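Below is one structure, written out as structure tokens; the observations come after it.
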Amino acid sequence: MLYPLTTPSRTVLDLSGLWKFMIDEEITPIDPKQPLPTEDVISVPASFNDQTASKKIREHNGFVWYETNFDIAKPLRSQRLVLRFGSATHEAWVYLNGQEITHHKGGFTPFEVEINDYLKDSDNRLTVKLSNILDYTTLPVGNYSESTDQDGHKLRHVDENFDFFNYAGLQRPVKIYSTPADYISDITVVPDVHLAESSADVEVKVTTHGEIDGVKVTILDQDGQAVVSGTSADTTLHIDHVHLWQPLNAYLYTAKVTVSRNGEVIDTYSEDFGVRKIEVKNAQFLINGEPFYFKGFGKHEDSYVHGRGINQPVNVLDINLMKDMGANSFRTSHYPYSEEMMRLCDREGIVVIDETPAVGLMVTFGFDVSMLESDDYQDDTWTKLKTADAHKQVIKEIIDRDKNHACVAMWSIANEAATFSKGAYEYFKPLFDEARQLDPQKRPCTYTSIMMATPKTDNCISLVDVIALNRYYGWYVGNGDLKTAEQATRDELQEYSDKFPDKPIMYTEYGADTIPGLHSNYDEPFSEEFQEDYYRMASKVFDEFPHFVGEQLWNFADFQTKFGIQRVQGNKKGIFTRSREPKMVVRYLKDRWTKIPNFGYKK
């Protein structure tokens, strides 16, 4: 799927702005053939939850409605016109001038529909019905129930099976773009690096629609100068003296594609890409043939007022804060991030672990590992959850969207699933097979492992290329006891190293809730002193293991969650506050990470 760009043959119309908005109380049916019966407005793109002063709206579970009006300039009427949603969280029914034109389920990937046949001459009305309901068929997973109030009105209840707020809405840009009737529909770029020769062969596959008899592919360097070109829809182009895309040192080429008929250029599109080689070999994660060490974070798309909505200034700030600390990577926990963020990471040289929204794949949650003493532990997870179809769909959609991004170094198929329960392997094996088959660049695959999934109990380790551990010794287990936590961390990493000597190991979560400004002479949990000592303890152990390839802490910044006795205005494990102010530990991590090279970290 191509990102909407303005080119000599294409135009993009951005529908960002104020849209009509209302929640559906499911009392009086709402007819999309009529204008929405409200004058209330909300800003798009953004989550709807934090834009009003209404508790009822913020915590609404069920359906909401959006509406806007637009015109199409007459010169564009002869073009193919496509309505594209960057995302709609979590399920959307789209109406144009009262007629349903498309439906999409899944809240973090784009979808689009041609609209020429539904347009009026002027004043077109676009209406979206949206559901934020999560249940045992959706990703993420929610515990869903229904009841009725004293007046007989239906009440919908969603208890999120995950630790972040269920922000929803039209959270990413809504655009209309034009193409000619005959057009480029997709471009796939697969670089094959020859490190010894400092060259690369770049395979470019162009998919077209309509009457096309000519295809030209020109690779431009970062200065816009032509390097090499070919005249086929499936061509391999050789680059000598290739500039490699490196972590924190990005270099982007551009594949400029033109298609023609009878010698006349019909459509043009330019796809940026980086040339780099990703491998897992000898228990190391290699980028361009060198052992790479991940330094960075799990994070969230989360900011004040925007909620989970795209916030480009915050994205730019976050990347700058990361680079200032010497960080080189993050994981898109726990869903695919916006295309705009992925394009930014391509340009800034940030390595990304790209994760599906498969979070909450568990019906029994806790940190009691004693229940797993038997070798064939089984709970109800893989009989009650019906997420396989949604999971397969999102793997296809995320790879289709992100396949050409140089920044994407690994796919994370799930976060903290019940891989310790009987039936997990049978659930995950087809999904890993699907990801490996669909990805033209054959990137490594992993999932992040919850604490109950130990070297003994995890049924799915054979599926991963990299062992990615989420561990909280000293916080959720043995809170405040860093001496015991150090030994537990060391013992488990040793067990993984001994049992899986061919697999690299990294931490994708570890951290401690910390209240900014809270200090303690006694190293008490929640104090800034404890957070720093926690990370110093973990760092000490990490450096003892040669096959340990990275540390991505939890979390980059404090973020909003549902309320609860463990969450005071959200999760406070950030090393930055939600407004991106540093906690004390940032100085320690900056000192550590700036001394650790991206490649060949000698421990």
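These figures come from a predicted structure and were not determined experimentally.
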Spell out, as yes or no, whether a donor-acceptor pair under 3.5 Å connects the side chain of Ser9 to the backbone of Asp267. no
Closest approach of Val275 to Ala200 (non-hydrogen atoms, all atoms of both residues): CG1-CB, 3.7 Å
Could you tell me which non-hydrogen atom of Arg401 sits nearest to which non-hydrogen atom of Pro110, and how far apart they are? CD-CD, 3.5 Å
Is it the case that more than 12 heavy atoms not belonging to Asp502 sit under 6.0 Å from its CG atom? yes
Please examine the side chains of Asp354 and Tyr337, heavy atoms only from C-beta on, and report whether any two atoms are closer than 4.5 Å. no
For residues Thr446 and Val466, report the shortest heavy-atom separation together with the two atoms involved. OG1-O, 2.6 Å
Would you confirm whether Ser198, through its side chain, and His241, through its main-chain N or O, come within 3.5 Å as a donor-acceptor pair? no
Determine the sole option in Cys460, Ser462, Cys445 for which the side-chain contact (heavy atoms from CB on, under 4.5 Å) test with Phe432 is passed. Cys445
List for me each residue that meets ring-ring contact (aromatic ring centres under 6.0 Å, His included) alongside Phe21, sequence neighbours excluded, and say none if there are none. Phe48, Tyr66
Between the side chains of Ser122 and Asp71, does any donor sit under 3.5 Å from an acceptor? no
Does the side chain of Met341 reach to within under 4.5 Å of the side chain of Phe330, using non-hydrogen atoms? yes
Looking at His104 and Gly106, would you say the former's side chain and the latter's main chain have a donor-acceptor pair under 3.5 Å? yes
For Phe108, which of Glu355, Glu397, His334, Arg308 qualifies under side-chain contact (heavy atoms from CB on, under 4.5 Å)? Arg308
Is it true that atom NE2 of His209 has more than 12 heavy atoms of other residues, nucleotides or ligands lying nearer than 6.0 Å? no
Would you indicate whether Asp31, at its atom CG, is surrounded by more than 12 heavy atoms from other residues, nucleotides or ligands within a distance under 6.0 Å? yes
Spatial distance of atom CD1 (Ile353) from atom CH2 (Trp411) [nearest 0.5 Å]: 12.0 Å
Is there side-chain contact between Gln437 and Ile399, with heavy atoms separated by less than 4.5 Å? no
Take a 6.0 Å sphere around NZ of Lys256 and say whether it holds more than 12 heavy atoms from other residues, nucleotides or ligands. no
Is the CD atom of Glu197 crowded by more than 12 outside heavy atoms at less than 6.0 Å? yes
Measure from the ring center of His300 to the ring center of Tyr335 and say whether it is less than 6.0 Å. yes
Is there a donor-acceptor contact under 3.5 Å from the side chain of Tyr183 to the main chain of Val259? no
Look up atom OH in Tyr427 and atom OG1 in Thr419, then write down how far apart they are to the nearest 0.5 Å. 12.5 Å
State, to 0.1 Å, how close Leu252 and Asp346 come at their nearest heavy-atom pair, and which atoms those are. CD2-O, 4.0 Å
Between Asn166 and His90, is there a side-chain heavy-atom distance shorter than 4.5 Å? yes
Decide side chain to side chain contact (heavy atoms under 4.5 Å, CB included) for Ile310 and Glu301; before the verdict, give the C-alpha distance in whole Å, the side-chain angles of both, and the deciding distance to 0.1 Å. CA-CA 7 Å; Ile310 185 171; Glu301 289 186 317; over 6 Å; no
For Asp123, look at atom CG and say whether over 12 heavy atoms of other residues, nucleotides or ligands are found less than 6.0 Å away. yes
Taking the basic N atoms (NZ, or NE/NH1/NH2) and the acidic carboxylate oxygens, is any pair closer than 4.0 Å for Lys442 and Asp465? no
Assess whether a salt bridge exists between Lys403 and Asp186, defined as any Lys/Arg side-chain N lying under 4.0 Å from an Asp/Glu carboxylate O. yes
Give me the one residue out of Arg276, Gln222, Gln246 that meets side-chain contact (heavy atoms from CB on, under 4.5 Å) with Tyr251. Gln222
Before we go on, tell me: are the rings of Phe294 and Phe285 under 6.0 Å apart, centre to centre? yes
Quick check: do Asn315 and Asn311 have side-chain heavy atoms less than 4.5 Å from each other? no
Please lay out, stage by stage, how His238 and Asp240 fare under the test side chain to side chain contact (heavy atoms under 4.5 Å, CB included). CA-CA 7 Å; His238 185 77; Asp240 284 318; 2.8 Å; yes
Side-chain donor/acceptor of Gln441 to backbone N/O of Val189, under 3.5 Å: yes
Could you grab the distance from atom CE of Met342 to atom CD1 of Ile398, nearest 0.5 Å is fine? 7.0 Å
Does the Asp182 side chain pair with the main chain of Ile212, one donor and one acceptor, at a distance under 3.5 Å? no
Would you check if the distance from the ring center of Phe85 to the ring center of Phe111 is below 6.0 Å? yes
For the residue pair Leu83 and Glu114, establish whether any side-chain heavy-atom pair is separated by less than 4.5 Å. no
With a 4.5 Å cut-off on side-chain heavy atoms, are Val217 and Thr231 touching? no
Between atom CD of Glu271 and atom CD1 of Ile219, what is the distance when rounded to the nearest 0.5 Å? 12.0 Å
Spell out, as yes or no, whether a donor-acceptor pair under 3.5 Å connects the side chain of Asn124 to the backbone of Lys120. yes
Nearest-0.5 Å distance that lies between atom NZ in Lys33 and atom OH in Tyr95: 8.5 Å
Salt-bridge test for Glu434 and Lys396: reply yes if a basic N is under 4.0 Å from a carboxylate O, no otherwise. no
If you take all heavy atoms of Leu139 and Ala358, which pair is closest and at what distance? CD2-CA, 3.7 Å
Between Thr127 and Glu67, does any side-chain donor sit less than 3.5 Å from a side-chain acceptor? yes
Please find the pair of heavy atoms, one from Leu119 and one from Arg77, that lie closest to each other, and give the distance. CB-NH1, 4.1 Å
Would you check if the side chain of Asn404 reaches a backbone N or O of Leu2 as a donor-acceptor pair within less than 3.5 Å? no
Between His306 and Gln171, is there a side-chain donor-acceptor contact under 3.5 Å, judged purely by atom types and distance? no
Side chain to side chain contact (heavy atoms under 4.5 Å, CB included) evaluation trace for Ile278 with Phe292: CA-CA 10 Å; Ile278 304 291; Phe292 175 70; over 6 Å; no
Do Thr7 side-chain atoms and Thr268 backbone N/O form a donor-acceptor pair below 3.5 Å? yes
Just wondering, do Gln284 and Glu279 contact through their side chains at under 4.5 Å, heavy atoms? no
Start with the C-alpha distance between Lys277 and Asp192, add both sets of side-chain angles, then the distance that settles side chain to side chain contact (heavy atoms under 4.5 Å, CB included), and finish with yes or no. CA-CA 7 Å; Lys277 187 180 186 71; Asp192 182 15; 4.3 Å; yes
Any side-chain to backbone donor/acceptor pair from Glu91 onto Thr138? Under 3.5 Å, distance only. no
Neighbour count above 12 (heavy atom, 6.0 Å) for Arg580 CZ: yes
To the nearest 0.5 Å, what is the distance between CZ (Arg331) and OG1 (Thr508)? 5.0 Å
Set of side-chain contact (heavy atoms from CB on, under 4.5 Å) partners for Ile596, sequence neighbours left out: Tyr293, Lys295, Arg592, Trp593, Tyr601
